[in-house]
Amino acid sequence: MSPNLCLLTVVPTPVRRRCALHYILLHLLGYKLSMDDLKSFRQVDSLTPGHPESSHTDGIEVTTGPLGQGISNAVGLAAAQAHMAATFNKEGFDLITNHTYAFLGDGCLQEGVASETCSLAGHLQLGNLIALYDDNHITIDGETDVSFTEDVVKRFEAYGWHVQVVKDGDNNLESIYNAIVEAQKVKDKPSLIKVHTTIGFGSAKQGTESVHGSPLKADDIVNIKKKFGFDPEQKFHVPDEVYATYNAIGVRGAEAEAKWDALLAQYAQKHPEEHKELTRRIRGDLPEGWEKKLPVYKPGEKNAASRKYSEIVLQAISAGIPELVGGSADLTGSNLTRVKEAVDFQPPSTKLGSYAGRYFRYGVREHGMGAIMNGLSAYGGIIPFGGTFLNFVSYAAGAVRLSALSQHHVLWVATHDSIGLGEDGPTHQPIETAIHLRAIPNLHFWRPADGNETSAAYLFALQAKGTPSVLSLSRQTLPNLENSTIEHAVKGGYVLHDVEGENLNIVSTGSEVQIAVAAAELLAKEGVKTRVISLPCWEVFDAQPKEYQLQVFRSGAPYLSLEAYTTVGWQKYSHEQYGLAAWGASGPYDKVYEKFGITGPNIAAVGKKVAEFYQKRGGEVISPILHAI
Ligand SMILES: Cc1ncc(C[n+]2csc(CCOP(=O)(O)OP(=O)(O)O)c2C)c(N)n1
Ligand SMILES: *[C@@H]1O[C@H](CO)[C@@H](O)[C@H](O)[C@H]1NC(C)=O
Ligand SMILES: *[C@@H]1O[C@H](CO)[C@@H](O)[C@H](O)[C@H]1NC(C)=O
Ligand SMILES: *[C@@H]1O[C@H](CO)[C@@H](O)[C@H](O)[C@H]1NC(C)=O
Ligand SMILES: CC(=O)N[C@H]1CO[C@H](CO)[C@@H](O)[C@@H]1O
Ligand SMILES: [Mg+2]
């Protein structure tokens, strides 16, 4: 377990001064941040980037920067604590007791994601969450009068929070302290402490937006230092007594940690099984042999939608992976994300479940779900997954990209993944979503073609510690394709249907792979020998040895890509592309596929044209993945 000096989780809001304050506190408290690190604030390759990054700097628990994410991550951290405590604390063993503290500003409260998550935090009665709101009436554009005049106290009371107001946060530090102590006593509600402050307190520019981002003038800095009793000549100087004061806090933290370690050791004696589980989960190791439970299918066996294959996987592995904590943004029935024996994660007083429950009812809050899952993952011991329609993963984009940047192990079970969802029409049919997700570094976008590929996607995604995955799953039924093994699919791409001396290759994903196979069969009858490549995950395929990649994408014949999305990006793996030129359409799904020409016969016709074009043109057809750099 990481050294935990204060036994606090502090989630900062992403404002420059607060980022600097956070780094300074970490330095004073003895985290691995030197004075030189502080001096290289915001410089390339420093440990003190412009906004704190959790995978980068010691003591940073979540990456914030986009406003509203930090407070939302805090809700996830607090929920994780409630869950882990309910799962592992025993009589006499109050092992998991963390409070989560978050600082937030006007900007965070204006962002919609904070409303989603703070509303849920109130419902969940997360008494261990304490948020301090820096109520300074200023954002970048100036006075909050121009856009933010709501009554935050009433709003949070309506969410079910315990709210306190500190009138003079500039001078009355004791009142802040007292409010925190009060908040700690409230066990059945999250707490908001609204602290009235003056931005840039002490500066000639205090109380104005100009102190938000631009450095203070030299003479102003001199005045401030004098005002607070510092020597204006000294820079980057910490008086010894300040180090001593903070050191004492560090020592207190180290003592608390030693005590905690002793408690954990006693727990190991009294509850050996639970201890083994808890420490395994915190290390982030999966239980041994879990993957043996993954379903495999015979060719032609039970056609099903890949969302259904996904449900079968979850049902098969859930009992064996207790850290898998699921949920859905109000699409449980459609998403098939809730296993039969699941208990809801709910405050016991609601009688709807318990904190030990492993199924979150996120409500219709996709962005909030994403940000909360990041917090659940950051806490440790939990692998969260959340269900929604693939199209609505876009609603959560702000949280999804932070998952990838912060290396959170989070899974999205994204169903209704194309025009194949049918009647709901273009508002619900993802077109651009896949390429957006594929463009995010350190994110795996999986689009399995059948049962085996769905098992492969879960196998890879659950083992990919430090990488979030989006599993794109169909609403419509898909056959189990001959030659689609788990071993093949975990490579991200493979030859599903091989021929010698091919005239054409079709590369496809998910529900369109069967259409590619049907086209290949029709083409064979016309003498156009066609290979079919299934490419369920670009990023995983791109990480394979070049030699393997070139076996799959060998030179010789043209490559045609087929996917019921925009063709943008497919140029990387193909010479010609077939997909959707614009939005989808509402109608029965097979009719919608027909409308856009994504059928065996039409793709065969398109494929024939492609093969003939390249034959006629002559010359060598080089693999689309062969490049100089
Ligand atoms: C999602 C998002 N939008 C915009 C910004 C740019 N931005 C950074 S700070 C800020 C204003 C923050 O105001 P407030 O939270 O009140 O902080 P204060 O200036 O009072 O410290 C804005 C708009 C951002 N970081 N994230
Ligand atoms: C919660 O508390 C435990 C025990 O004190 C500590 O090991 C852990 O790091 C804390 N978690 C967070 C997220 O602060
Ligand atoms: C699924 O994979 C297993 C082994 O991984 C294989 O035996 C089986 O034939 C595959 N099923 C299909 C439909 O290809
Ligand atoms: C499956 O693979 C085998 C061996 O490569 C091959 O003979 C067979 O034609 C393949 N099946 C299909 C449907 O491509
Ligand atoms: C496990 C689960 O929640 N299954 C549900 C899936 O959705 C169908 C209808 O949409 C329900 O009948 C199932 O109970
Ligand atoms: Mg402000």
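Whatever order the structure lists ligands and atoms in, that order sets their numbers, starting from 1.
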Arg365 side chain vs Glu116 backbone, donor-acceptor pair below 3.5 Å: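 Yes, Arg365 side chain to Glu116 backbone: donor-acceptor pair under 3.5 Å.
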Can you check whether Leu402's main-chain N or O pairs, donor with acceptor, with Ser406's side chain at less than 3.5 Å?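 Between the backbone of Leu402 and the side chain of Ser406 there is a qualifying donor-acceptor contact (under 3.5 Å).
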Below 3.5 angstrom, do we get any N/O pair linking [X] and ligand 1?
X      : result
Asp134 : no
Leu67  : yes
Thr139 : no

The test is side chain to side chain donor-acceptor pair (under 3.5 Å); show your working for Thr198 and Asp170 and say whether it passes. CA-CA 7 Å; Thr198 306; Asp170 296 334; 2.5 Å; yes
Enumerate the atoms of ligand 1 whose separation from the nearest heavy atom of [X] is less than 4.0 angstrom.
X      : result
Gly107 : 13 (O), 14 (P), 15 (O), 16 (O)
Asp106 : 14 (P), 15 (O), 16 (O)
Glu111 : 1 (C), 2 (C), 3 (N)
Asn136 : 18 (P), 20 (O), 21 (O)
Gly105 : 15 (O)

Row check, Tyr548 ring normal vs Lys491 NZ/CZ: under 6.0 Å, within 45°: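 That pair qualifies as a cation-pi contact.
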Axial cation check for Phe201 ring with Lys227, 6.0 Å and 45° limits: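 Yes, cation above the ring, under 6.0 Å and within 45°.
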Decide if the gap between the ring center of [X] and the ring center of [Y] is smaller than 6.0 angstrom.
X      : Y      : result
Trp446 : Phe460 : yes
Tyr309 : Tyr297 : yes
Tyr573 : Tyr559 : no

Steps toward side chain to side chain donor-acceptor pair (under 3.5 Å) verdict (His56, Gln407): CA-CA 10 Å; His56 186 75; Gln407 305 174 11; over 6 Å; no
Tabulating one pair per line, provide the atom names and distances (0.1 Å) for every N/O atom of ligand 4 that is less than 3.5 Å from a protein N/O atom.
from: ligand 4; atom 1: 2 (O); to: Asn483; atom 2: OD1; distance (Å): 3.2
from: ligand 4; atom 1: 2 (O); to: Asn483; atom 2: ND2; distance (Å): 2.3
from: ligand 4; atom 1: 11 (N); to: Glu482; atom 2: OE2; distance (Å): 3.1
from: ligand 4; atom 1: 11 (N); to: Asn483; atom 2: ND2; distance (Å): 2.9
from: ligand 4; atom 1: 14 (O); to: His497; atom 2: ND1; distance (Å): 2.4

Can a donor-acceptor pair be found between the side chains of [X] and [Y] at a distance below 3.5 Å?
X      : Y      : value
Asn171 : Asp168 : yes
Asp417 : Ser474 : no
Glu512 : Tyr578 : no

Heavy-atom pairs closer than 4.0 Å: do any link ligand 3 to the side chain of Lys298, the backbone, both, or neither?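 Under 4.0 Å from ligand 3, Lys298 contributes backbone atoms alone.
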Could you check whether atom CZ of Phe148 has more than 12 heavy atoms from other residues, nucleotides or ligands sitting under 6.0 Å from it?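 Yes.
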Between Ile138 and ligand 1, which part of the residue brings a heavy atom under 4.0 Å of the ligand: side chain, backbone, both or neither?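 For Ile138, only backbone atoms sit under 4.0 Å from ligand 1.
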Heavy atoms only, cut-off 4.0 Å: how does Glu209 contact ligand 1, side chain, backbone, both, or neither?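 Near ligand 1, Glu209 shows nothing, with every heavy atom at 4.0 Å or more.
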Heavy atom to atom 25 (N) of ligand 1, shortest distance: which of Gly65, Gly398, Cys108 holds it?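 Looking at heavy atoms only, the winner is Gly65.
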Which of the atoms of ligand 3 are close to Asn452, meaning less than 4.0 Å from one of its heavy atoms?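 That gives atoms 1 (C), 2 (O), 3 (C), 8 (C), 10 (C), 11 (N), 12 (C), 14 (O) of ligand 3.
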Provide the number and element of each atom of ligand 3 under 4.0 Å from a heavy atom of Glu487.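 Those atoms are 4 (C), 5 (O).
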Counting both backbone and side chain atoms, is some N or O of Tyr297 under 3.5 Å from an N or O of ligand 3?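 Among all N and O atoms of Tyr297, at least one is under 3.5 Å from an N or O of ligand 3.
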